[in-house]
Amino acid sequence: MKINNKISNLFNKSTLDVAKNLLGAYLVRSTSKEKIIGKIVETEAYLFDDAASHSYKGLSERNKAMFDNPGRAYVYLVYGMYECFNCTTNKKGVGEAVLIRALEPVFGIEKMKRNRRCDDIKNLCSGPGKLTSALGITRKDNFCDLTSAKSRLRIEIPSKKEKFSIVKAKRIGITKGVSLLYRFYIKDNQFVSKK
DNA sequence: TTAATGATGGGCT
DNA sequence: GCCCATCATTAAA
C-alpha cells in the first residue's frame, strides 16, 4: 500500500466532498507493537451551519478539534460509553468534520476481534462506536494529525483507485437536520452499518 | 425477523 | 436535569 503524497489536500475541501472522497481510503492504527487497518466504507458530514453538528453553537471545550486544521482527528465520547472518530475538514476555524461510520476490516483482524470480543467479521467495524473499539481509538487521539506518516492514527490513500458507486442517504442517530442527505456509503458493501 | 430497553457519563441549559 | 452523531441484550411476533 502506497501513501499518496497529496494526502494533505484530501481534507481542505468542502466537507461534503471530503465525506465522499474518504470512501475507499484506509484508516491506519499503528504502534510499535501492532498495525490495524480498515477501509472506510461509510461516512457522515457535519457542517458549521448544521443543527446536528457539535460545532453549530460555536467553539467549546469538547468540539475545539473541529475548529483546528483540516486533517486532524476529532474524537468524542457519546452515550457515556462509546468513542466516535471524525476527520476535520474545510479550513481552520470553520468547524466542520466527517464522522467515520464503518470500516471494512483489512489488516490486524485478529486484534480487532480481541478488542471487540467478537468473532463475526461483519460486526467488527460496522458502526462508529464499534470501529473505534476495534482500532483502540480514544479521546487521547483527539487532535492527532491524520496526514502524517508518523502518526499512530492516520489516513492513507491506496495507489490504485477502486471503482464503486456512492450512495447518498439520511444520517443516523440524530434528531436535528434529519432530512439532509449527508451520509455516504459504498454501494453494495457488506460492512456498512445500515442500508 | 424486528422492536424495545438498559448501560453509562459528559456536555450544556 | 435533560440530552445525546451507540450498542448489546432481551422480548415480542
Side-chain angles (χ1 to χ4, degrees), chain A residues 11 14-23 25 27 36 38 40-68 70-90 94-105 112-144 146 153 155 166-186 190-195:
Chain A
F11 299 99
S14 88
T15 300
L16 292 172
D17 282 343
V18 177
K20 285 176 262 192
N21 291 338
L22 277 172
L23 294 175
L27 179 59
I36 308 176
I40 296 171
V41 298
E42 181 180 358
T43 62
E44 280 179 1
Y46 287 88
L47 275 55
F48 76 95
D49 59 349
D50 162 13
S53 173
H54 289 174
S55 60
Y56 184 61
K57 292 180 178 171
L59 185 67
S60 72
E61 191 56 33
R62 175 177 66 161
N63 68 21
K64 61 186 181 182
M66 286 186 81
F67 293 85
D68 208 306
R72 302 294 191 98
Y74 168 47
V75 185
Y76 64 89
L77 183 71
V78 72
Y79 295 111
M81 335 168 81
Y82 301 102
E83 315 270 351
C84 285
F85 167 71
N86 300 251
C87 304
T88 65
T89 57
N90 205 312
V94 176
E96 300 191 340
V98 171
L99 171 70
I100 307 304
R101 279 199 65 86
L103 303 174
E104 177 177 326
M112 290 187 194
K113 287 180 176 177
R114 287 196 295 278
N115 286 345
R116 290 268 297 122
R117 282 179 264 262
C118 169
D119 264 336
D120 177 11
I121 189 166
K122 288 177 67 172
N123 197 28
L124 290 180
C125 299
S126 55
K130 297 178 188 178
L131 70 92
T132 51
S133 168
L135 273 65
I137 297 170
T138 70
R139 281 162 288 169
K140 285 186 286 190
D141 297 300
N142 206 18
F143 290 103
C144 182
L146 301 170
L153 187 63
I155 302 283
I166 296 174
V167 181
K168 192 163 42 156
K170 292 179 182 179
R171 293 176 293 185
I172 292 175
I174 54 169
T175 54
K176 294 166 187 159
V178 289
S179 62
L180 297 170
L181 301 178
Y182 285 179
R183 183 163 67 99
F184 305 92
Y185 60 87
I186 295 179
Q190 56 185 328
F191 297 95
V192 301
S193 70
K194 193 179 163 192
K195 303 268 155 89

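So you know, we letter chains A, B, ... as the sequences are listed, proteins then strands, and number each from 1.
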Canonical and wobble pairing (Watson-Crick, G-U, under 3.5 Å) of DNA chain B, dot-bracket with |: |||||||.||||.
Any heavy-atom pair between the side chains of A/Val98 and A/Asn86 that's under 4.5 Å? no
Is the closest side-chain heavy-atom distance between A/Asn63 and A/Leu59 below 4.5 Å? yes
Hey, where on DNA chain C does chain A first and last touch, going 5' to 3'? Cut-off is any atom under 4.0 Å from a heavy atom. C/dC4 to C/dA8
Any side-chain heavy-atom pair of A/Met112 and A/Asn115 under 4.5 Å: no
Can you check side chain to side chain contact (heavy atoms under 4.5 Å, CB included) on A/Leu153 and A/Leu146, steps first, answer last? CA-CA 6 Å; A/Leu153 187 63; A/Leu146 301 170; 4.1 Å; yes
Is any side-chain heavy atom of A/Phe143 closer than 4.5 Å to a side-chain heavy atom of A/Lys64? yes
I'd like to check the side-chain hydrogen bond (donor to acceptor under 3.5 Å, both in side chains) partners of A/Arg171; sequence neighbours left out, ordered by chain and number. A/Asp50
Check whether any side-chain heavy atom of A/Cys87 lies under 4.5 Å from a side-chain heavy atom of A/Val18, and answer yes or no. no
Would you indicate what A/Arg171 reaches in the nucleic acid, counting non-hydrogen atoms under 4.0 angstrom: base, sugar-phosphate, or nothing? nothing
Check step by step if side chain to side chain contact (heavy atoms under 4.5 Å, CB included) holds for A/Glu83 and A/Ile137. CA-CA 7 Å; A/Glu83 315 270 351; A/Ile137 297 170; 5.7 Å; no
What residues 113-122 of chain A contributes to the DNA chain C interface at heavy-atom separation below 4.0 Å is A/Arg116
If the condition is ring-ring contact (aromatic ring centres under 6.0 Å, His included), which residues does A/Tyr76 pass it with, not counting sequence neighbours? A/His54, A/Tyr74
How would nucleotides 7-12 of chain B be written as a contact map, 5' to 3', with B for base contact, S for sugar-phosphate-only contact and - for no contact, using protein heavy atoms under 4.0 Å? BBBSSS
Kindly indicate, with the supporting measurements, whether the criterion side chain to side chain contact (heavy atoms under 4.5 Å, CB included) is fulfilled by A/Phe191 and A/Leu103. CA-CA 7 Å; A/Phe191 297 95; A/Leu103 303 174; over 6 Å; no
With sugar-phosphate meaning primed atoms plus P, OP1 and OP2, does A/Ile174 contact a base, only sugar-phosphate, or nothing at under 4.0 Å between heavy atoms? sugar-phosphate
Assess the side chains of A/Lys122 and A/Ser126: does a donor N or O sit below 3.5 Å from an acceptor N or O? no
